[in-house]
Amino acid sequence: MGNMKSLRLAAAVVCAGLMASAGIAQSGAGAVTIDPGLNIHTVELWPGGAPGQQGSEPSDVPALSVFAPRKGKANGTAVVIAPGGAYRELASDLEGREVADWFSARGVTAFVLRYRMGDKYQYPVPLEDAQRAVRWVRANAAKYGVDPQRIGLMGFSAGGHLAAMESVSAGAADANAADVIDRVSGRPDFVVLGYPWLNAMTPNTTGLITYCANNPTVHEVSAAKCKEFATKYDPVRFVTTATPPTFIYITSDDKTVDVQASIDYYEALRAAKVPVEFHSFAHGAHGSGMGSGDPALDLWPTLLDAWLRGQGFLGAKR
């Protein structure tokens, strides 16, 4: 995070560009009109304005950029993808568009999440956006040919922390909710974590940065709020038998996030008897996306493919 590459800085504008170029019209909450000539478009999670929204810039508007498989190729599975970026920016190409293309090539409808972040939108705002994203996809499943029981959530780095936290705190459906989106569950059916920043909210004891680090390039968070965040937003604390099946990928010598946090999360899942697969490669820099051409790391998407097939999420519609 602190040593984030320039690629991440450049990629932060990608989702905003998609919104401008997608050719989408909306009419009411959740209503979407898609240009039939495009298989990419963007929708706002709260078309009338998100709770606590403080402006109208793209960074103020949580949204999903939708990447649909080619006609006739969809298999009924969907995935919401949360790019990383230290909760300061979004690596929307490396950990968004490239990942969405990988999934859509396998018949999965991919939704890249633009969530709010930074000092302007501290926790729990990013979590609320992620929870809304999963609910939105499930509520609109029929529009996209998605099975509402085959919706996954994937995150990288800070997005990995966000995905894990969403998966252990997702709200149940509220049949009486005024907002139709809230009438469906926010629980994903599977979770994929790429080099997740799972120690984001824990006190800094390893020399690695945390969400509450006393560093203006990270976040300005009071000591009292940091203590509250460490209690409320550490995913390992909330793992239960209801936590969705999870796939974890990291490298053992990652110098940006602590691999031990992923090991601890794996152990918590295993203890709760949650189906989990864990891969820690010997070497590799943080921010490798789907491999980035590294001869070893390029293998991890193949392992993910096999895991998804084994879980029943890459086959034909059930």
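Positions are given from 1 along the sequence.
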(Q) Name the residue from Met165, Arg132, His161 that meets the side-chain contact (heavy atoms from CB on, under 4.5 Å) definition with Leu127. (A) Met165
Q | Any residue meeting side-chain contact (heavy atoms from CB on, under 4.5 Å) with Ala173, in chain and number order, not counting sequence neighbours | A | none
Q | Non-neighbouring partners of Tyr266 that pass side-chain hydrogen bond (donor to acceptor under 3.5 Å, both in side chains), sequence neighbours left out | A | none
Q. Excluding sequence neighbours, so at least two apart, what forms side-chain hydrogen bond (donor to acceptor under 3.5 Å, both in side chains) with Arg270?
A. Glu267
(Q) Test: ring-ring contact (aromatic ring centres under 6.0 Å, His included). Region: residues 222-244. Which pairs qualify, not counting sequence neighbours? (A) Tyr123-Tyr233, Tyr211-Phe229, Phe229-Tyr233
Q.
Once ring-ring contact (aromatic ring centres under 6.0 Å, His included) is applied, do any residues pair with Trp46, and if so which ones, sequence neighbours excluded?
A. none
Q: Would you kindly confirm whether Phe190 and Val146 end up in one hydrophobic cluster when ILVMFWY residues are joined by side chain heavy atoms under 4.5 Å apart?
A: yes
(Q) For Arg138, give me all partners under side-chain contact (heavy atoms from CB on, under 4.5 Å), at least two apart in sequence or on another chain. (A) Val134, Pro148, Ile151, Val184, Ser185, Asp189
Q: Quick one: pull up CG in Asp129 and CD in Glu166 and give me the separation to the nearest 0.5 Å.
A: 11.0 Å
**Q.** With Asp298 via side-chain contact (heavy atoms from CB on, under 4.5 Å) - residues at least two apart
**A.** none
Q. Residues two or more places apart in sequence or in another chain: which of them pass ring-ring contact (aromatic ring centres under 6.0 Å, His included) with Trp300?
A. Tyr249
Q: Determine which pairs satisfy salt bridge (Lys or Arg N to Asp or Glu O under 4.0 Å) with at least one residue from residues 50-79, sequence neighbours left out, and list them in order.
A: Asp60-Lys120
(Q) Applying side-chain contact (heavy atoms from CB on, under 4.5 Å), can you list everything that pairs with Val274, at least two apart in sequence or on another chain? (A) Thr243, Leu269, Ala272
(Q) The criterion is side-chain hydrogen bond (donor to acceptor under 3.5 Å, both in side chains); which residues satisfy it with Arg309, sequence neighbours excluded? (A) Asp305
Q: Taking ring-ring contact (aromatic ring centres under 6.0 Å, His included) as the test, write out the residues that go with His279, two or more places apart.
A: Phe247
Q: Examine distances only and state if a side-chain atom of Tyr195 and a backbone atom of Val257 form a donor-acceptor pair shorter than 3.5 Å.
A: no
Q. If you group Ile, Leu, Val, Met, Phe, Trp and Tyr by side-chain heavy-atom gaps below 4.5 Å, do Val66 and Ile40 land in one group?
A. yes
Q: In plain terms, say whether Arg135 and Asp179 are close enough for a salt bridge, that is, a side-chain N and a carboxylate O under 4.0 Å apart.
A: no
